[in-house]
Number of protein chains: 2
Amino acid sequence: MSNPQLTPVSYVVLGMVAEGATTSYDMKQKASRSVGYFWNFPHSQLYAEPAHLVELGLLDEEREAEGRRRRVYSLTPAGRTALADWLREPTSEQPQIRDTGLLKLFFGDGMSADEIAALARAQEETHRARLAVYETIADSVTSPNHAAVVRAGLLHERTFTEFWREVAATPP
Amino acid sequence: MSNPQLTPVSYVVLGMVAEGATTSYDMKQKASRSVGYFWNFPHSQLYAEPAHLVELGLLDEEREAEGRRRRVYSLTPAGRTALADWLREPTSEQPQIRDTGLLKLFFGDGMSADEIAALARAQEETHRARLAVYETIADSVTSPNHAAVVRAGLLHERTFTEFWREVAATPP
DNA sequence: CCTATCATGTAATCCGTTACATGATTAT
DNA sequence: ATAATCATGTAACGGATTACATGATAGG
């Protein structure tokens with residue numbers, strides 16, 4: 001039974017806690033080098049969302065007695081079940097690309113060939129940079145599932161680097 | 001000079017009006033067969049956002065005297081300028097993939113090989129279906145810019161169809 | 001003429017972002 | 001010691017989604 005109150009970020013939190021993250025800052029660090037590359041969000045959500053999940057009984061919260069008095073989270077049995085159910089349940093939402101560059105190209109009738117080429121070069125550079133990041137982290141990834149997602153990222157960035165290169169070479 | 005109050009959807013509206021859409025329903029129809037494939041949003045935004053743009057002086061609104069009394073929108077000079085400025089201004093935001101399937105794969109340590117294969121087959125099917133859509137509309141597209149974006153969509157869907165096919169064949 | 005669906009919106013809610021704020025730790 | 005930055009939040013706002021609602025048009 002999936003809970004309609006849970007958003008993708010809810011499951012990102014549950015997933016990271018399941019992987020061993022215990023504090024919000026911990027999740028922030030972990031996300032910034034992994035899942036954050038393809039599903040980005042501000043760090044404030046990593047403080048707000050665990051509180052929500054505690055309310056729902058999916059996380060336990062303990063407070064450090066000393067020092068920073070951090071909130072330390074752990075999965076409850078219900079939380080573990082919610083994560084497992086979500087993983088197995090078929091996904092209905094269509095994958096979305098949110099790419100401002102593509103949006104500009106789409107509505108670019110008012111641009112000259114030079115301006116389109118400039119846009120394309122900038123986009124190519126963006127994708128090339130991200131590609132380099134993925135190539136760097138590809139080696140340090142241990143989990144096979146994480147590796148598979150990095151591979152998806154590599155393929156994606158290669159596809160779009162090449163796409164924009166072609167657009168830059170021969171503006172539509 | 002870019003207006004910080006304008007969101008991507010604002011420019012989608014401005015762009016569609018520039019392309020000749022005049023009413024919210026018109027935009028809805030147009031979007032559902034084009035830009036909506038890679039930047040989706042509910043139709044209610046196509047009723048709310050034009051009102052906002054009228055307030056900002058970027059759209060003109062006229063009301064039909066008869067029948068449905070639809071609101072008919074057109075670009076003001078300021079609106080045309082805002083769109084043109086946005087097109088030329090370099091994009092800063094990183095492109096994002098929002099793909100629940102990838103998220104599940106990423107956190108899929110709790111899944112068996114069979115379950116991962118099932119997820120992969122479902123995702124492959126989703127991408128294959130979308131690929132078929134793009135192949136169908138590729139012919140009917142007239143604008144070269146729209147054609148380029150459809151091509152990006154084709155490349156993207158081919159990449160991910162193949163990716164998930166491999167995952168289904170050999171789960172990580 | 002009646003019904004189904006098309007077309008056109010409004011309202012409420014909530015998620016996500018932005019901005020702000022401040023206590024703890026580390027470096028110099 | 002002091003400054004810098006790391007770490008940990010909170011508050012407010014607004015955009016986006018969901019749900020609701022109802023008037024027009026077309027098909028039978």
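Worth saying up front: this structure is predicted, and the values here are computed from it rather than measured. In what follows, chains are A, B, ... by sequence order, proteins preceding strands, each numbered from 1.
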A:Leu154 with A:Trp39, same ILVMFWY side-chain cluster at under 4.5 Å: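 As far as the 4.5 Å side-chain criterion goes, A:Trp39 and A:Leu154 are not connected within one cluster.
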Kindly assign one of parallel, tilted or perpendicular to the pair A:Phe160 and A:His156, based on the angle between their ring planes and the thresholds 30° and 60°.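 The rings of A:Phe160 and A:His156 sit tilted, inter-plane angle from 30° to 60°.
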What class does the angle between the rings of A:Tyr134 and A:Tyr37 fall in, given that below 30° is parallel, 30 to 60° is tilted and above 60° is perpendicular?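 Ring orientation, 0 to 90° scale: perpendicular.
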Using whole Å, what does the distance between atom [atom2] of nucleotide [N] and atom [atom1] of [X] come to?
X	N	atom1	atom2	answer
B:Glu64	D:dA24	CD	P	12 Å
A:Glu49	C:dT17	CD	C1'	15 Å
A:Leu53	C:dC14	CG	C1'	15 Å
B:Leu56	D:dG14	CG	C1'	14 Å
B:Phe41	D:dT17	CZ	C1'	13 Å
A:Gln5	C:dC15	CD	P	8 Å
A:Tyr11	C:dC15	OH	P	13 Å
B:Lys28	D:dA16	NZ	P	18 Å

So if I take every side-chain heavy atom of A:Arg70 and compare against D:dT17, D:dT8, D:dG9, which nucleotide ends up nearest?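 Shortest atom-to-atom distance from the side chain points to D:dT8.
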Please tell me which of the listed nucleotides, C:dC15, D:dT8, C:dT8, lies nearest to the side chain of B:Thr23?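 Within the option list, the nearest is C:dT8.
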Closest-nucleotide 5' rank along DNA chain D - winner of B:His52 and B:His43: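 Upstream on the strand: B:His52.
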Any carboxylate oxygen within less than 4.0 angstrom of a Lys/Arg side-chain nitrogen, looking at A:Glu124 and A:Arg165?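 A:Arg165 and A:Glu124: not salt-bridged.
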Where do A:Glu49 and A:Ser10 land on the side-chain hydrogen bond (donor to acceptor under 3.5 Å, both in side chains) test, with the steps shown first? CA-CA 6 Å; A:Glu49 187 59 26; A:Ser10 308; 2.7 Å; yes
Is a donor-acceptor contact shorter than 3.5 angstrom present between the side chain of A:Ser44 and the base of C:dT18?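 Answer yes: a donor N or O sits under 3.5 Å from an acceptor.
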Looking at [X], I'd like to know whether one of its side-chain N or O atoms comes within less than 4.0 Å of OP1 or OP2 on [N].
X	N	value
A:Arg69	C:dT22	no
B:Arg71	C:dG9	yes
A:Gln45	C:dC15	no

Quick check: on DNA chain C, is the nucleotide nearest B:Arg98 upstream (toward 5') of the one nearest B:Ala48, or the reverse? Name the residue that is more 5'.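 Comparing both residues, the 5'-ward one is B:Ala48.
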Mapping B:Gln29 and A:Trp39 to their closest nucleotides on DNA chain C, which lands nearer the 5' end?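 Its nucleotide being nearer the 5' end, the pick is B:Gln29.
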NA contact type, A:Tyr47, heavy-atom cut-off 4.0 Å: base, sugar-phosphate, or nothing?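 Base, at least one base atom sits under 4.0 Å.
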